[in-house]
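First listed ligand is number 1; within each ligand, the first listed atom is number 1.
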Amino acid sequence: MDFNRIKEKLNILADAAKYDVSCSSSGSNRKNTNKGLGNASNGICHSYSEDGRCISLLKILLTNHCIYDCAYCVTRKSNDIKRAAFKIQEVVDLTINFYRRNYIEGLFLSSGIFKDPDYTMERLIAVAKKLRLEENFNGYIHLKSIPGASDELMYEAGLYADRLSVNIEIPTVSGLKLLAPDKKHEDFAKPMLKVKNEIIRFKEERKLLKSTPKYAPAGQSTQMIVGATGESDKDVMYSANHFYKNFHMKRVYYSGYVPVSNDNRLPSIGTQVPMLRENRLYQTDWLLRFYGFSVQELLNAEYPNLDMDVDPKLSWALRNMQHFPVDVNKADISVLARIPGVGMTSVHKIMKARKFRKLDWDHLKKMGVALNRAKYFILCDSRHWERRDLDPQRIKGLILSTSYGKFRPQYSNQLSLFN
Ligand code: SF4
(Lines give C-alpha, C1' and ligand atoms only; values in the text may rest on other atoms or scores of the structure.)
Protein backbone atom coordinates (compact mmCIF):
# COMPACT_ATOMS: atom_id res chain seq x y z
CA MET A 1 0.00 0.00 0.00
CA ASP A 2 1.35 3.45 -0.94
CA PHE A 3 0.75 5.33 2.33
CA ASN A 4 1.68 8.71 0.92
CA ARG A 5 -0.87 8.36 -1.87
CA ILE A 6 -3.54 7.21 0.60
CA LYS A 7 -2.74 10.20 2.82
CA GLU A 8 -3.02 12.53 -0.16
CA LYS A 9 -6.37 11.01 -1.15
CA LEU A 10 -7.56 11.31 2.42
CA ASN A 11 -6.66 15.00 2.49
CA ILE A 12 -8.49 15.69 -0.76
CA LEU A 13 -11.56 13.57 -0.12
CA ALA A 14 -12.05 14.46 3.54
CA ASP A 15 -11.76 18.13 2.67
CA ALA A 16 -14.36 17.78 -0.08
CA ALA A 17 -16.77 16.05 2.32
CA LYS A 18 -16.72 18.80 4.91
CA TYR A 19 -19.54 20.75 3.23
CA ASP A 20 -22.03 18.00 4.01
CA VAL A 21 -23.49 18.55 7.48
CA SER A 22 -26.03 15.75 7.45
CA CYS A 23 -23.93 13.39 9.53
CA SER A 24 -25.57 13.09 12.92
CA SER A 25 -25.52 9.48 14.04
CA SER A 26 -28.46 9.50 16.40
CA GLY A 27 -31.15 6.89 16.32
CA SER A 28 -29.18 3.75 15.55
CA ASN A 29 -28.95 0.73 17.74
CA ARG A 30 -26.81 -1.97 16.15
CA LYS A 31 -25.58 -4.61 18.59
CA ASN A 32 -22.21 -6.31 18.35
CA THR A 33 -22.70 -9.92 17.31
CA ASN A 34 -20.29 -12.82 16.76
CA LYS A 35 -17.38 -11.00 18.41
CA GLY A 36 -17.44 -8.44 15.63
CA LEU A 37 -15.93 -5.00 15.64
CA GLY A 38 -17.81 -2.01 16.97
CA ASN A 39 -21.17 -1.36 18.46
CA ALA A 40 -23.29 1.51 17.19
CA SER A 41 -25.64 2.93 19.76
CA ASN A 42 -27.43 6.22 20.29
CA GLY A 43 -25.14 9.18 20.16
CA ILE A 44 -21.78 7.39 20.20
CA CYS A 45 -20.50 9.15 17.09
CA HIS A 46 -21.49 12.70 18.01
CA SER A 47 -18.87 15.36 18.08
CA TYR A 48 -19.09 18.90 16.77
CA SER A 49 -16.54 21.36 15.60
CA GLU A 50 -16.58 24.92 16.88
CA ASP A 51 -19.03 26.10 14.24
CA GLY A 52 -21.42 23.30 15.13
CA ARG A 53 -20.61 20.88 12.32
CA CYS A 54 -20.33 17.19 13.05
CA ILE A 55 -16.80 15.85 12.70
CA SER A 56 -16.61 12.60 14.63
CA LEU A 57 -17.07 10.04 11.88
CA LEU A 58 -14.56 9.19 9.22
CA LYS A 59 -16.23 11.54 6.80
CA ILE A 60 -15.02 11.20 3.24
CA LEU A 61 -16.01 11.07 -0.38
CA LEU A 62 -15.31 7.92 -2.34
CA THR A 63 -14.32 10.24 -5.15
CA ASN A 64 -14.51 13.93 -5.98
CA HIS A 65 -14.76 13.22 -9.70
CA CYS A 66 -18.24 14.19 -10.82
CA ILE A 67 -20.08 14.22 -14.12
CA TYR A 68 -22.40 16.98 -12.92
CA ASP A 69 -21.81 20.67 -12.62
CA CYS A 70 -23.86 21.95 -9.70
CA ALA A 71 -22.85 25.58 -9.30
CA TYR A 72 -22.80 25.54 -5.47
CA CYS A 73 -20.48 22.53 -5.17
CA VAL A 74 -16.66 22.45 -5.00
CA THR A 75 -16.71 19.03 -6.63
CA ARG A 76 -18.53 20.23 -9.79
CA LYS A 77 -16.86 19.07 -12.98
CA SER A 78 -15.95 22.57 -14.19
CA ASN A 79 -14.01 23.36 -11.01
CA ASP A 80 -10.26 23.19 -11.46
CA ILE A 81 -9.27 21.17 -8.37
CA LYS A 82 -7.15 18.14 -7.55
CA ARG A 83 -9.18 14.98 -8.05
CA ALA A 84 -8.86 11.62 -6.36
CA ALA A 85 -10.75 8.38 -5.88
CA PHE A 86 -10.49 5.71 -3.25
CA LYS A 87 -10.63 2.04 -4.12
CA ILE A 88 -13.31 0.15 -2.23
CA GLN A 89 -10.76 -1.82 -0.23
CA GLU A 90 -8.91 1.36 0.73
CA VAL A 91 -11.99 2.81 2.41
CA VAL A 92 -12.63 -0.49 4.20
CA ASP A 93 -9.03 -0.61 5.48
CA LEU A 94 -9.06 3.02 6.58
CA THR A 95 -12.31 2.57 8.47
CA ILE A 96 -11.12 -0.53 10.27
CA ASN A 97 -7.70 0.95 11.09
CA PHE A 98 -9.14 4.22 12.36
CA TYR A 99 -11.74 2.38 14.36
CA ARG A 100 -9.14 0.13 16.00
CA ARG A 101 -7.09 3.19 16.91
CA ASN A 102 -10.16 4.79 18.46
CA TYR A 103 -10.03 7.75 16.07
CA ILE A 104 -13.57 7.21 14.85
CA GLU A 105 -16.69 5.31 15.67
CA GLY A 106 -18.22 5.09 12.28
CA LEU A 107 -18.11 5.97 8.64
CA PHE A 108 -19.87 8.70 6.69
CA LEU A 109 -19.40 7.96 3.02
CA SER A 110 -20.54 10.17 0.19
CA SER A 111 -19.35 10.55 -3.38
CA GLY A 112 -19.26 12.61 -6.50
CA ILE A 113 -21.08 10.89 -9.33
CA PHE A 114 -18.70 9.06 -11.58
CA LYS A 115 -20.05 7.44 -14.74
CA ASP A 116 -23.70 7.35 -13.59
CA PRO A 117 -25.77 7.24 -10.38
CA ASP A 118 -26.11 3.44 -10.28
CA TYR A 119 -22.42 2.79 -10.82
CA THR A 120 -21.59 5.18 -7.97
CA MET A 121 -24.24 3.78 -5.65
CA GLU A 122 -23.01 0.23 -6.30
CA ARG A 123 -19.52 1.20 -5.13
CA LEU A 124 -20.80 2.90 -1.98
CA ILE A 125 -22.80 -0.21 -1.17
CA ALA A 126 -19.77 -2.41 -1.86
CA VAL A 127 -17.83 -0.59 0.90
CA ALA A 128 -20.64 -1.02 3.44
CA LYS A 129 -21.19 -4.65 2.45
CA LYS A 130 -17.50 -5.53 2.85
CA LEU A 131 -17.38 -3.82 6.22
CA ARG A 132 -20.43 -5.68 7.48
CA LEU A 133 -19.94 -9.11 5.92
CA GLU A 134 -16.18 -9.49 5.64
CA GLU A 135 -14.92 -7.37 8.53
CA ASN A 136 -17.90 -8.03 10.78
CA PHE A 137 -18.02 -4.29 11.46
CA ASN A 138 -20.93 -3.24 13.66
CA GLY A 139 -20.03 0.41 13.93
CA TYR A 140 -22.15 3.17 12.49
CA ILE A 141 -22.37 3.57 8.71
CA HIS A 142 -24.03 6.52 7.01
CA LEU A 143 -24.22 6.22 3.23
CA LYS A 144 -25.30 8.93 0.85
CA SER A 145 -28.00 7.89 -1.56
CA ILE A 146 -27.06 9.04 -5.01
CA PRO A 147 -29.90 10.99 -6.71
CA GLY A 148 -31.24 8.88 -9.56
CA ALA A 149 -30.03 5.52 -8.16
CA SER A 150 -32.30 2.55 -8.87
CA ASP A 151 -34.81 1.10 -6.40
CA GLU A 152 -32.88 -2.20 -6.26
CA LEU A 153 -29.72 -0.46 -5.11
CA MET A 154 -31.58 1.67 -2.57
CA TYR A 155 -33.05 -1.52 -1.19
CA GLU A 156 -29.61 -3.08 -0.85
CA ALA A 157 -28.04 0.04 0.68
CA GLY A 158 -30.49 -0.03 3.58
CA LEU A 159 -29.47 -3.57 4.49
CA TYR A 160 -25.93 -2.47 5.38
CA ALA A 161 -26.19 1.21 6.32
CA ASP A 162 -27.55 2.61 9.57
CA ARG A 163 -28.62 5.79 7.92
CA LEU A 164 -29.22 6.82 4.31
CA SER A 165 -29.47 10.36 3.12
CA VAL A 166 -30.03 12.06 -0.17
CA ASN A 167 -29.32 15.76 -0.13
CA ILE A 168 -31.99 17.86 -1.76
CA GLU A 169 -29.45 20.73 -1.58
CA ILE A 170 -31.59 23.49 -3.08
CA PRO A 171 -34.99 24.01 -1.41
CA THR A 172 -36.91 25.22 -4.45
CA VAL A 173 -37.49 23.54 -7.82
CA SER A 174 -36.66 26.79 -9.64
CA GLY A 175 -33.40 27.18 -7.67
CA LEU A 176 -32.40 23.63 -8.51
CA LYS A 177 -33.08 24.23 -12.19
CA LEU A 178 -30.94 27.33 -12.11
CA LEU A 179 -27.95 25.92 -10.23
CA ALA A 180 -28.01 22.19 -10.97
CA PRO A 181 -29.59 21.84 -14.41
CA ASP A 182 -28.42 18.18 -14.69
CA LYS A 183 -30.55 17.18 -11.73
CA LYS A 184 -34.29 16.70 -11.57
CA HIS A 185 -36.44 16.98 -8.47
CA GLU A 186 -37.71 13.42 -9.03
CA ASP A 187 -34.14 12.10 -8.78
CA PHE A 188 -34.23 13.00 -5.08
CA ALA A 189 -37.81 12.04 -4.38
CA LYS A 190 -37.55 8.53 -5.85
CA PRO A 191 -34.80 7.12 -3.58
CA MET A 192 -36.36 8.89 -0.57
CA LEU A 193 -39.70 7.25 -1.26
CA LYS A 194 -38.12 3.85 -1.76
CA VAL A 195 -36.23 4.09 1.53
CA LYS A 196 -39.32 5.28 3.38
CA ASN A 197 -41.41 2.39 2.03
CA GLU A 198 -38.74 -0.19 2.83
CA ILE A 199 -38.33 1.11 6.39
CA ILE A 200 -42.08 0.73 6.92
CA ARG A 201 -42.16 -2.71 5.28
CA PHE A 202 -39.23 -4.06 7.30
CA LYS A 203 -40.73 -2.73 10.54
CA GLU A 204 -44.03 -4.46 9.80
CA GLU A 205 -42.28 -7.73 8.94
CA ARG A 206 -40.22 -7.53 12.12
CA LYS A 207 -43.40 -7.47 14.16
CA LEU A 208 -44.30 -10.87 12.67
CA LEU A 209 -40.82 -12.33 12.36
CA LYS A 210 -38.20 -11.26 14.91
CA SER A 211 -35.31 -12.44 12.69
CA THR A 212 -36.15 -9.93 9.94
CA PRO A 213 -32.96 -7.89 9.42
CA LYS A 214 -32.89 -4.19 10.19
CA TYR A 215 -33.27 -1.79 7.32
CA ALA A 216 -31.61 1.63 7.73
CA PRO A 217 -32.40 1.62 11.48
CA ALA A 218 -31.36 5.26 11.91
CA GLY A 219 -33.75 6.29 9.14
CA GLN A 220 -33.04 8.78 6.41
CA SER A 221 -32.07 12.43 6.40
CA THR A 222 -31.50 15.21 3.93
CA GLN A 223 -29.67 18.50 3.75
CA MET A 224 -30.62 21.85 2.27
CA ILE A 225 -28.23 24.63 1.46
CA VAL A 226 -29.60 27.99 2.55
CA GLY A 227 -28.66 31.36 1.19
CA ALA A 228 -27.55 30.24 -2.28
CA THR A 229 -30.63 31.16 -4.30
CA GLY A 230 -32.46 33.94 -2.49
CA GLU A 231 -35.09 31.53 -1.19
CA SER A 232 -37.19 32.67 1.79
CA ASP A 233 -37.24 30.90 5.15
CA LYS A 234 -40.80 29.96 4.27
CA ASP A 235 -39.53 28.15 1.15
CA VAL A 236 -36.95 26.29 3.20
CA MET A 237 -39.23 25.26 6.04
CA TYR A 238 -42.18 24.32 3.82
CA SER A 239 -39.80 21.99 1.94
CA ALA A 240 -38.54 20.55 5.23
CA ASN A 241 -42.11 20.06 6.41
CA HIS A 242 -42.91 18.23 3.17
CA PHE A 243 -39.97 15.85 3.75
CA TYR A 244 -40.93 15.16 7.35
CA LYS A 245 -44.56 14.51 6.45
CA ASN A 246 -44.19 12.60 3.19
CA PHE A 247 -40.86 10.80 3.52
CA HIS A 248 -40.68 10.23 7.30
CA MET A 249 -37.31 12.00 7.46
CA LYS A 250 -35.49 11.53 10.72
CA ARG A 251 -33.72 14.85 10.28
CA VAL A 252 -33.48 17.70 7.84
CA TYR A 253 -30.19 19.60 8.05
CA TYR A 254 -29.72 23.22 7.07
CA SER A 255 -26.36 24.32 5.82
CA GLY A 256 -25.57 28.00 5.30
CA TYR A 257 -24.10 28.43 1.84
CA VAL A 258 -20.32 28.69 1.88
CA PRO A 259 -19.33 30.70 -1.23
CA VAL A 260 -17.08 28.43 -3.28
CA SER A 261 -17.29 29.88 -6.76
CA ASN A 262 -17.28 33.09 -8.71
CA ASP A 263 -20.59 32.59 -10.43
CA ASN A 264 -23.04 35.43 -10.93
CA ARG A 265 -25.95 33.12 -10.02
CA LEU A 266 -24.55 32.81 -6.48
CA PRO A 267 -23.46 35.07 -3.58
CA SER A 268 -19.91 36.22 -4.30
CA ILE A 269 -16.85 34.77 -2.61
CA GLY A 270 -16.31 36.48 0.71
CA THR A 271 -20.04 36.73 1.49
CA GLN A 272 -20.61 35.75 5.11
CA VAL A 273 -21.98 32.26 5.73
CA PRO A 274 -25.51 32.80 7.17
CA MET A 275 -24.82 31.05 10.48
CA LEU A 276 -27.50 32.88 12.45
CA ARG A 277 -30.11 32.07 9.81
CA GLU A 278 -29.01 28.43 9.93
CA ASN A 279 -29.47 28.51 13.70
CA ARG A 280 -32.97 30.03 13.46
CA LEU A 281 -33.98 27.38 10.90
CA TYR A 282 -32.87 24.63 13.29
CA GLN A 283 -34.91 26.25 16.07
CA THR A 284 -37.95 26.35 13.78
CA ASP A 285 -37.39 22.72 12.82
CA TRP A 286 -37.34 21.86 16.54
CA LEU A 287 -40.66 23.66 17.08
CA LEU A 288 -42.25 21.65 14.28
CA ARG A 289 -40.98 18.31 15.51
CA PHE A 290 -41.30 18.63 19.28
CA TYR A 291 -43.45 21.61 20.25
CA GLY A 292 -46.61 21.07 18.24
CA PHE A 293 -46.31 24.12 15.99
CA SER A 294 -47.46 23.96 12.40
CA VAL A 295 -45.18 25.48 9.80
CA GLN A 296 -47.96 27.87 8.72
CA GLU A 297 -48.10 29.40 12.19
CA LEU A 298 -44.42 30.25 12.12
CA LEU A 299 -43.99 31.24 8.47
CA ASN A 300 -46.63 32.38 6.02
CA ALA A 301 -47.31 34.92 3.30
CA GLU A 302 -47.32 37.72 5.86
CA TYR A 303 -44.13 36.52 7.62
CA PRO A 304 -42.04 34.73 4.97
CA ASN A 305 -38.79 35.14 6.91
CA LEU A 306 -37.72 34.44 10.47
CA ASP A 307 -36.85 37.21 12.87
CA MET A 308 -33.08 37.21 13.26
CA ASP A 309 -33.22 39.14 16.54
CA VAL A 310 -35.21 36.62 18.56
CA ASP A 311 -35.90 32.90 18.44
CA PRO A 312 -38.93 31.73 16.41
CA LYS A 313 -41.04 30.79 19.44
CA LEU A 314 -40.62 34.23 20.99
CA SER A 315 -41.26 35.82 17.61
CA TRP A 316 -44.52 33.86 17.26
CA ALA A 317 -45.58 34.76 20.82
CA LEU A 318 -44.97 38.47 20.22
CA ARG A 319 -47.24 38.29 17.17
CA ASN A 320 -49.90 36.38 19.09
CA MET A 321 -50.19 38.11 22.44
CA GLN A 322 -53.91 37.18 22.59
CA HIS A 323 -52.81 33.68 23.75
CA PHE A 324 -50.97 35.06 26.79
CA PRO A 325 -50.49 35.19 29.72
CA VAL A 326 -50.67 31.44 30.34
CA ASP A 327 -51.38 30.17 33.85
CA VAL A 328 -48.67 27.55 34.41
CA ASN A 329 -50.71 26.00 37.21
CA LYS A 330 -53.64 25.22 34.93
CA ALA A 331 -52.68 25.21 31.23
CA ASP A 332 -52.55 22.10 29.03
CA ILE A 333 -49.20 20.67 28.09
CA SER A 334 -49.61 21.87 24.48
CA VAL A 335 -50.17 25.44 25.71
CA LEU A 336 -47.20 25.34 28.11
CA ALA A 337 -44.99 24.22 25.21
CA ARG A 338 -45.71 27.50 23.43
CA ILE A 339 -44.43 29.79 26.17
CA PRO A 340 -41.12 31.44 25.17
CA GLY A 341 -38.25 30.38 27.40
CA VAL A 342 -39.94 27.13 28.43
CA GLY A 343 -38.37 24.01 26.91
CA MET A 344 -40.01 20.61 26.80
CA THR A 345 -37.96 19.37 29.76
CA SER A 346 -39.34 22.23 31.86
CA VAL A 347 -42.85 21.60 30.53
CA HIS A 348 -42.70 18.02 31.85
CA LYS A 349 -41.27 19.19 35.17
CA ILE A 350 -44.11 21.74 35.51
CA MET A 351 -46.74 19.10 34.76
CA LYS A 352 -45.31 16.81 37.45
CA ALA A 353 -44.61 19.44 40.11
CA ARG A 354 -47.97 21.20 39.95
CA LYS A 355 -49.72 18.03 41.12
CA PHE A 356 -48.20 18.71 44.54
CA ARG A 357 -48.05 22.49 44.88
CA LYS A 358 -48.92 25.78 43.24
CA LEU A 359 -45.88 26.93 41.29
CA ASP A 360 -44.33 30.37 41.71
CA TRP A 361 -41.38 32.12 40.02
CA ASP A 362 -38.79 30.43 42.25
CA HIS A 363 -40.11 27.00 41.36
CA LEU A 364 -40.05 27.85 37.67
CA LYS A 365 -36.51 29.18 37.87
CA LYS A 366 -35.33 25.99 39.56
CA MET A 367 -36.94 23.97 36.77
CA GLY A 368 -34.76 25.69 34.20
CA VAL A 369 -37.34 28.11 32.78
CA ALA A 370 -35.59 31.09 31.12
CA LEU A 371 -37.42 33.74 33.09
CA ASN A 372 -35.93 36.68 31.21
CA ARG A 373 -38.17 35.62 28.30
CA ALA A 374 -40.92 33.63 29.99
CA LYS A 375 -41.95 36.17 32.64
CA TYR A 376 -43.84 38.34 30.14
CA PHE A 377 -46.03 35.41 29.10
CA ILE A 378 -46.80 33.62 32.36
CA LEU A 379 -49.18 33.75 35.30
CA CYS A 380 -48.15 31.82 38.39
CA ASP A 381 -48.66 31.77 42.13
CA SER A 382 -47.00 35.11 42.69
CA ARG A 383 -47.65 38.59 41.41
CA HIS A 384 -44.00 39.63 41.57
CA TRP A 385 -42.67 40.63 38.09
CA GLU A 386 -46.11 40.89 36.61
CA ARG A 387 -46.51 43.73 34.16
CA ARG A 388 -49.33 43.49 31.70
CA ASP A 389 -49.10 46.96 30.24
CA LEU A 390 -46.23 46.23 27.84
CA ASP A 391 -46.69 46.04 24.09
CA PRO A 392 -44.84 43.38 22.02
CA GLN A 393 -42.17 45.78 20.75
CA ARG A 394 -41.36 46.91 24.27
CA ILE A 395 -41.19 43.30 25.51
CA LYS A 396 -38.88 42.41 22.65
CA GLY A 397 -36.61 45.32 23.49
CA LEU A 398 -36.46 44.39 27.17
CA ILE A 399 -35.68 40.76 26.36
CA LEU A 400 -32.97 41.68 23.87
CA SER A 401 -31.36 44.02 26.35
CA THR A 402 -30.83 41.08 28.74
CA SER A 403 -29.87 38.38 26.19
CA TYR A 404 -26.41 37.26 25.21
CA GLY A 405 -26.49 35.07 22.10
CA LYS A 406 -23.27 34.16 20.33
CA PHE A 407 -24.59 35.69 17.09
CA ARG A 408 -26.19 38.72 18.69
CA PRO A 409 -23.54 41.32 17.79
CA GLN A 410 -24.26 40.75 14.09
CA TYR A 411 -27.90 41.68 14.52
CA SER A 412 -27.93 44.25 17.28
CA ASN A 413 -28.99 47.17 15.10
CA GLN A 414 -32.47 47.27 16.57
CA LEU A 415 -31.34 47.15 20.17
CA SER A 416 -30.53 50.83 20.29
CA LEU A 417 -34.23 51.54 19.80
CA PHE A 418 -34.99 50.12 23.21
CA ASN A 419 -32.07 51.26 25.32
S1 SF4 B 1 -23.78 15.85 -8.15
FE2 SF4 B 1 -23.15 16.15 -6.04
S3 SF4 B 1 -20.92 16.02 -6.07
FE4 SF4 B 1 -21.59 16.32 -8.19
S5 SF4 B 1 -21.47 18.51 -8.53
FE6 SF4 B 1 -23.58 18.06 -7.90
S7 SF4 B 1 -23.60 18.32 -5.66
FE8 SF4 B 1 -21.43 18.17 -6.32
Sort and list the pairs that fulfil salt bridge (charged side-chain N to carboxylate O under 4.0 Å, His left out) and have at least one residue in residues 295-304, not counting sequence neighbours. Glu297-Arg338
Partners passing salt bridge (Lys or Arg N to Asp or Glu O under 4.0 Å) against Asp311 (at least two apart in sequence or in another chain): Arg373
Return a table of donor-acceptor pairs under 3.5 angstrom between the side chains of residues 179-193 and protein atoms on other chains or two or more places apart.
| unit_1 | atom_1 | unit_2 | atom_2 | d |
| --- | --- | --- | --- | --- |
| Asp182 | OD2 | Asp69 | N | 3.2 |
| Asp187 | OD2 | Lys184 | N | 3.2 |

Can a donor-acceptor pair be found between the side chains of Thr284 and Arg280 at a distance below 3.5 Å? no
Less than 2.8 Å from atom 6 (Fe) of ligand 1 is the window; count the protein N, O or S atoms in it. 1
Carboxylate-amine/guanidinium contact Lys82 Glu8, below 4.0 Å: yes
Side chain to side chain contact (heavy atoms under 4.5 Å, CB included) partner of Ile146, chosen from Glu122, Met121, Met154: Met121
